[in-house]
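Written below as structure tokens is the structure these notes are about.
Just so it is clear, the model here is predicted, and its values are computed rather than measured.
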Amino acid sequence: MIRFIVIGHRAHTTGDFKLDDICGGAGRIDILCRCISSAFFLSHYIRKNSEIFLVLQNGDDAPKTIRLNGLEIKYLNPDERSTASLIRNALLKKIDSEEVKASPGIYISKMSFSDIMQKLSKECRFIYLRENGVDIRNYEFPENPCYILGDDMDLTTDEEAILSSYPYDRICLGPLSLHANHCITIVHNEMDRRVTK
């Protein structure tokens, strides 16, 4: 399984936003929607071996985490509006202490970034996508990678401290800073090229 953790620093944790305003009123949910598309979509297929965790950090009831699993996902389309609708529907679910299924392959919980790191630490190798890391073309991919990146903002000092409490690798995707969804596409492409050799 290839996993991604994307931290939505301004993403709203309530489902009261309008689908016509996912860029502003929803706290840049549009970026997270593009990350979802990059994590799952091929030309005529969905990646079954992909999973993405979206950590939403803006709101009175923050944080919340939405998890999408490629093995189970249904009703996912490439356009941002319908993806934002799936996110909004998940945010409208009542959550107690456990993860709640919002729709096939989409789950919501009150987990924080720290909670997710702890949960995945026993089964994944964490990989931090940063401009000052090892070039991805010189990197040997581990068996169960989990890539960590921010939305349109870098990880905060506190978030990097959480990451640093676990073993991790730091890799870069090229000489220029890229959009989060482009990073996911490049990671998939690099891994695809090595698997199909």
Side-chain angles (χ1 to χ4, degrees), residues 1-9 11 31-43 45-57 63 65-73 76 83 99 105-109 111-156 158-197:
M1 184 69 76
I2 302 166
R3 294 181 173 92
F4 299 91
I5 300 173
V6 183
I7 300 177
H9 293 97
I31 295 171
L32 302 184
C33 291
R34 290 194 288 274
C35 287
I36 290 169
S37 289
S38 294
F40 293 110
F41 284 113
L42 293 166
S43 182
Y45 192 68
I46 291 230
R47 293 181 184 271
K48 300 294 186 185
N49 67 333
S50 192
E51 185 171 57
I52 189 167
F53 294 78
L54 308 173
V55 185
L56 284 57
Q57 300 204 132
T65 292
I66 297 176
R67 177 173 69 90
L68 295 90
N69 182 287
L71 281 171
E72 307 169 39
I73 197 85
L76 184 64
T83 303
E99 189 178 61
I106 302 179
Y107 300 84
I108 185 162
S109 69
M111 284 194 294
S112 65
F113 177 54
S114 179
D115 295 333
I116 296 165
M117 293 291 290
Q118 184 175 14
K119 178 181 178 180
L120 296 179
S121 62
K122 294 174 184 174
E123 54 186 297
C124 295
R125 177 66 182 183
F126 295 124
I127 303 165
Y128 186 21
L129 300 180
R130 283 287 280 173
E131 290 89 343
N132 60 348
V134 174
D135 192 307
I136 191 170
R137 294 185 176 176
N138 300 320
Y139 181 69
E140 196 68 38
F141 291 108
E143 198 167 309
N144 291 301
C146 179
Y147 299 92
I148 298 162
L149 62 161
D151 45 9
D152 61 332
M153 300 170 67
D154 292 336
L155 268 62
T156 65
D158 288 344
E159 290 159 357
E160 286 192 337
I162 291 167
L163 171 60
S164 295
S165 63
Y166 299 94
Y168 75 96
D169 298 328
R170 184 190 296 250
I171 66 173
C172 78
L173 306 180
L176 302 176
S177 185
L178 303 170
H179 288 182
N181 60 301
H182 295 165
C183 293
I184 293 172
T185 300
I186 290 172
V187 164
H188 270 314
N189 180 257
E190 286 289 335
M191 295 189 74
D192 291 343
R193 289 165 70 89
R194 299 192 199 183
V195 168
T196 55
K197 276 185 178 179

*Results of side chain to side chain donor-acceptor pair (under 3.5 Å) for Ser165 - residues two or more places apart only*: none
*Is there a donor-acceptor pair closer than 3.5 Å between any side-chain N or O of Ser121 and the backbone N or O of Gln118?*
yes
*Is the shortest heavy-atom distance from the side chain of Tyr147 to the side chain of Ile184 under 4.5 Å?*
no
*What's the shortest heavy-atom distance between Phe53 and Ile116, and which atoms?*
CD2-CG2, 4.1 Å
*Go through the structure and list residues passing side chain to side chain donor-acceptor pair (under 3.5 Å) with Gln57, not counting sequence neighbours.*
Glu159
_Taking salt bridge (Lys or Arg N to Asp or Glu O under 4.0 Å) as the definition, give me every residue that meets it alongside Arg170, ordered by chain and number, with sequence neighbours left out._
none
*CD1-CG distance between Ile136 and Leu129, expressed to the nearest 0.5 angstrom*: 7.5 Å
*Is the shortest heavy-atom distance from the side chain of Tyr107 to the side chain of Glu72 under 4.5 Å?*
yes
*With Phe126, which residues qualify under ring-ring contact (aromatic ring centres under 6.0 Å, His included), at least two apart?*
Tyr166
_I need the Tyr128 OH to Ser164 OG distance, nearest 0.5 Å._
8.5 Å
_Sequence-distant partners of Thr185, side chain to side chain donor-acceptor pair (under 3.5 Å), two or more places apart_ = Ser38
_Spacing of Ile5 atom CD1 and Ile127 atom CD1 [to the nearest 0.5 Å]_ = 11.0 Å
*Who passes side chain to side chain contact (heavy atoms under 4.5 Å, CB included) against Leu71, sequence neighbours left out?*
Met1, Lys48, Asn69
*Scan for salt bridge (charged side-chain N to carboxylate O under 4.0 Å, His left out) pairs involving residues 111-125, sequence neighbours excluded, and state none if there are none.*
Arg3-Glu123, Arg125-Asp169
_His9: which residues meet the ring-ring contact (aromatic ring centres under 6.0 Å, His included) condition with it, sequence neighbours left out?_
none
*Looking only at atom types and distance, does a side-chain atom of Ser50 sit under 3.5 Å from a main-chain N or O of Gly70, one as donor and one as acceptor?*
no
*Of the non-hydrogen atoms in Ser112 and Val55, which two are nearest, and what is the gap between them?*
C-CG1, 4.5 Å
*With ring centroids as reference points, do Phe41 and His188 lie under 6.0 angstrom apart?*
no
*asked:* Can you confirm whether Asp135 sits close enough to Ile171 that some side-chain heavy atom of one is under 4.5 Å from a side-chain heavy atom of the other?
replied: no
*Rounded to the nearest 0.5 Å, how far does CG of Leu32 lie from OG1 of Thr83?*
11.0 Å
*Roughly how far, to the nearest 0.5 Å, is OG of Ser114 from CD1 of Ile162?*
4.5 Å
*Short side-chain donor-acceptor distance under 3.5 Å, Tyr139 and Glu190*: no
*asked:* I want to check something: taking the side chain as every heavy atom from C-beta on, are Ile7 and Phe113 in contact at a cut-off of under 4.5 Å?
replied: yes
*Have a look at Phe4 and tell me which of Ile148, Leu54, Val187 forms a side chain to side chain contact (heavy atoms under 4.5 Å, CB included) with it.*
Val187
_Residues forming a side chain to side chain contact (heavy atoms under 4.5 Å, CB included) with Leu178, sequence neighbours excluded_ = Leu173, His182, Cys183, Ile186
*Heavy-atom pair of closest approach, residues Gly150 and Val6*: O-CG1, 4.1 Å
*Could you tell me the separation between the SG atom of Cys35 and the CG atom of Leu149, rounded to the nearest 0.5 Å?*
6.0 Å
*asked:* Under the rule for salt bridge (Lys or Arg N to Asp or Glu O under 4.0 Å), what residues qualify as partners of Glu99, not counting sequence neighbours?
replied: Arg67
*Name all pairs fulfilling the salt bridge (charged side-chain N to carboxylate O under 4.0 Å, His left out) condition that reach into residues 142-156, sequence neighbours left out, sorted by first residue then second.*
Arg10-Asp152, Arg28-Asp152, Arg130-Asp154
*Hey, does Met117 have a side-chain heavy atom less than 4.5 Å from the side chain of Cys146?*
no
*Thr65: side chain to side chain donor-acceptor pair (under 3.5 Å) partners, not counting sequence neighbours*: none
_Side chains of Ile36 and Leu76, heavy atoms from C-beta outward: is any pair under 4.5 Å?_
yes
_Criterion side-chain contact (heavy atoms from CB on, under 4.5 Å) on Met191 and Ile2, from CA distance to verdict_ = CA-CA 10 Å; Met191 295 189 74; Ile2 302 166; 3.9 Å; yes
